[in-house]
Amino acid sequence: MSSHDDLLKKVSELREKSILGGGKDKIEQQKQKGKLWVRERIEKLLDPGSFVELEWLRVHRSTYFGLDKLKYYGDGVVTGYGRINDRLVYIYAQDFTVLGGSIGEVHGEKIAKTIERAIQVGVPVIGLYDSGGARIQEGVASLHACGRLFNANVKASGVIPQIAVIMGPCAGAAAYSPALMDFVIIVKGSYMFITGPEVVKAATGVSVSFEELGGANVHGSTSGVAHFVADSEEEAFEIIRKLLSYLPNNSTEEPPFVQTDDPVDRRLEELYEVVPLDPMKPFDVKHVVRSIVDYGEFLEVHRDYAKSAVVGFGRIGGYVVGIVANQPAVNAGVIDIDSSNKIARFVRFCDAFNIPIVTLVDTPGFMPGVDQEHGGIIKHGAKVLHAYAEATVPKITVIMRKAYGGAYIAMGSLSLGSDVNYAWPTAEIAVMGPEGAVRILYRREIEKAADPEALFKEKLKEYRDVFANPYRAAELGYIDEVIDIADTRRKIYSALVLLSTKRAELPPIRKHTNIPL
Ligand code: HXC
C-alpha cells in the first residue's frame, strides 16, 4: 500500500513538469530574448500569493506530426484566477516555451473556459499573449479551439472587461482574440499580424520586417489595434492596474468611486491662458482635461492613434468618467475616419460599463477629402452618431469653441440625447464656419460688389454676430448654460451628482443595434 506521501510525490512531480512547461532550455531562450517567463509574468502582475491555477494537468490529444511523443502538462497556457489590488480577476497566460504558445485543442479550450468562468463570476479577464497562432500539427482541431476562444471573447463582450497584453509574437488566429477584447496593450519588441512577413512576401512581393509589419509602434499609432504601448512588460502590468482602477467588475456594477481631497469647486483659472480667444489658434486640449480631472490624473487611451481626438479615463469628484475631446492642436480637431472609430469605440465601451461620458468639443467638422470619402467617412462618422445616440449612461457635453455642422451633432449634442450641455462664452455653434458660410450664402453679391472684400467682411461680421457664439443655441434650449471656463470642473461635477441616479430607457425588443461598420 502506498502512503499519502507517495501519492503526493506523484502530484508534486507532475506539478513540477507542468510549471516548467517547455523545459529549462526553452525558458532560458525566452529570457535571452529579454522576455519574462510565463510564471514570472503572473507573479509580477497579481497580488503576491493570490494566484490559483486551474487545469494544469491537461495535455493535448493529437498524435500527428510527432505530437504523440510529446507531453506538456498545461498545454502551453497557464490559466486561473487571482487578485490585482485585492480585486478578483481571471487570467490566462500563453507559454511560448511549449510549441511556441500555439493554440491547440486543449490550449484554446482552457482559455475559453477561463473567459466563461470570468463571465459567470462577473469579474474582468486578462489575457497575456505570446503565441505563434493556431497549432499547425493539430489541424482543424486547433482551428476549432481558436473559434471556441473567439466565441468566448464575444460572449464576454460588454459583460466583463477584457484586457489583452501582447508580450511576444501574436500571430494568425492568436491576434483575433485580443482584437475582440476591450483593451490591447502591446509591449515594445512584440508584434501582431494575421499573415507574417514570409506570406506577405510570397503573396505581394513586399519585403517587410516583423517590426515594420506589426510592431508596437505600428499598432499603437497606425492601425489602432493596440490601445496602449508599453516600454516593458512591467509597464504593461502597471497599465493594467491603472486601467482596472477605473473599471467596474462587470456591466451590472458601477465603476469604483474614490473619495478625493481635490476640491470639486476648484476654479480652473489657468484655462484663461490655455484657451486662445481666436478660434483659429490651436491649444492642447489635454491641458483642459488635466485641469478638470481629480489631481490631474488622466489615463489616455489610444494616445498615439488618431490624435485629432483624445479619449481616456479620469475622475471628477471621485466619479469615474470617460472623456472624449477634440484636439485642436492636431488638424484643428477635425474628425476623420480614424478618430471616428476611436471615439465611437470608446463611447460604446463607457456605455457598456456604466461610465459617464464627458465630451469636450472644439472641432471644425468632419474631414474633407477624396481619400476620406472613398474610405467611407460617411459610415465611419456615422459610428460616432450611433454610439452617442445609443449610449444611456450620463452624457455631459461642454462646447469649448468650434462646434460646426455634423460634428456639432456627433459630439454629444442634445439632439443625440446628451443630458447636460454647457458652452463656454467662446463657443461657436453653426452649420459651418463663418468664412465658408459667407462664401456660399453671398457668392453672387460678393462677385458683383464694388468692393468685394468689404462686403465679405461685413457679411462675416453679421454671421459671427448671429451664429459664432453660444447664445442662439442657448435661446433654443440646446445649451443648458453658458458657463465661465474656470467653473467647468464644478459644473461637470454637479451634473454627475445629478445624473448618478439617471434611469435609462432601453427599447423592449431588440437583439442589438446595427452599428455601421
Ligand atoms: C505549431 C509553432 C507555431 C504554430 C511556432 N511554433 N508557431 N508550432 N504551430 N503555429 C513552434 C516552432 O515550430 C518552434 O518549435 C517554436 O514554436 C518556437 O518558434 P520559432 O519559430 O523557433 O520562434 P521565433 O523565431 O521566435 O518565431 C516565432 C514566430 C514563428 C514568428 C511566431 O514561429 C512563426 O512564424 N510561426 C508561425 C506564425 C503563423 O503564421 N501563424 C499562423 C498559424 S495559422 P521548436 O520545437 O523548434 O521549438 C492560424 C490560423 C489562421 O493561426 C488564422 C487566421 C486569422
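When a ligand or atom number is given, it counts from 1 through the structure's own listing order.
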Problem - Any side-chain heavy-atom pair of Y72 and L99 under 4.5 Å - result: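 They are in side-chain contact.
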Exercise for the section: Measure the NZ-CG distance between K379 and N341 for me, rounded to the nearest 0.5 Å. Expected result: 9.5 Å
One line per pair, note the atom names and distance for all nitrogen or oxygen contacts under 3.5 Å between ligand 1 and the protein.
from	atom 1	to	atom 2	distance (Å)
ligand 1	9 (N)	I136	N	3.1
ligand 1	10 (N)	G132	O	3.0
ligand 1	10 (N)	A134	O	2.9
ligand 1	17 (O)	G100	N	3.1
ligand 1	26 (O)	K33	NZ	3.3
ligand 1	41 (N)	G132	O	2.7
ligand 1	48 (O)	K26	NZ	3.0
ligand 1	52 (O)	A134	N	2.9
ligand 1	52 (O)	A173	N	2.8

Handout entry: Backbone N/O of V393 and side chain of D351: donor-acceptor pair under 3.5 Å
Key =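 Judged by distance alone, yes, a pair lies under 3.5 Å.
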Problem - D284 and Q327: side chain donor to acceptor below 3.5 Å - result: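 Short answer, yes.
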Problem - Between T363 and Y404: side-chain donor-acceptor atoms closer than 3.5 Å - result: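 No pair is found: no donor N or O on one side chain lies under 3.5 Å from an acceptor on the other.
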Handout entry: K286 to F298, cation-pi by 6.0 Å centre distance and 45° axis angle
Key =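 No, K286 does not lie over the aromatic ring of F298.
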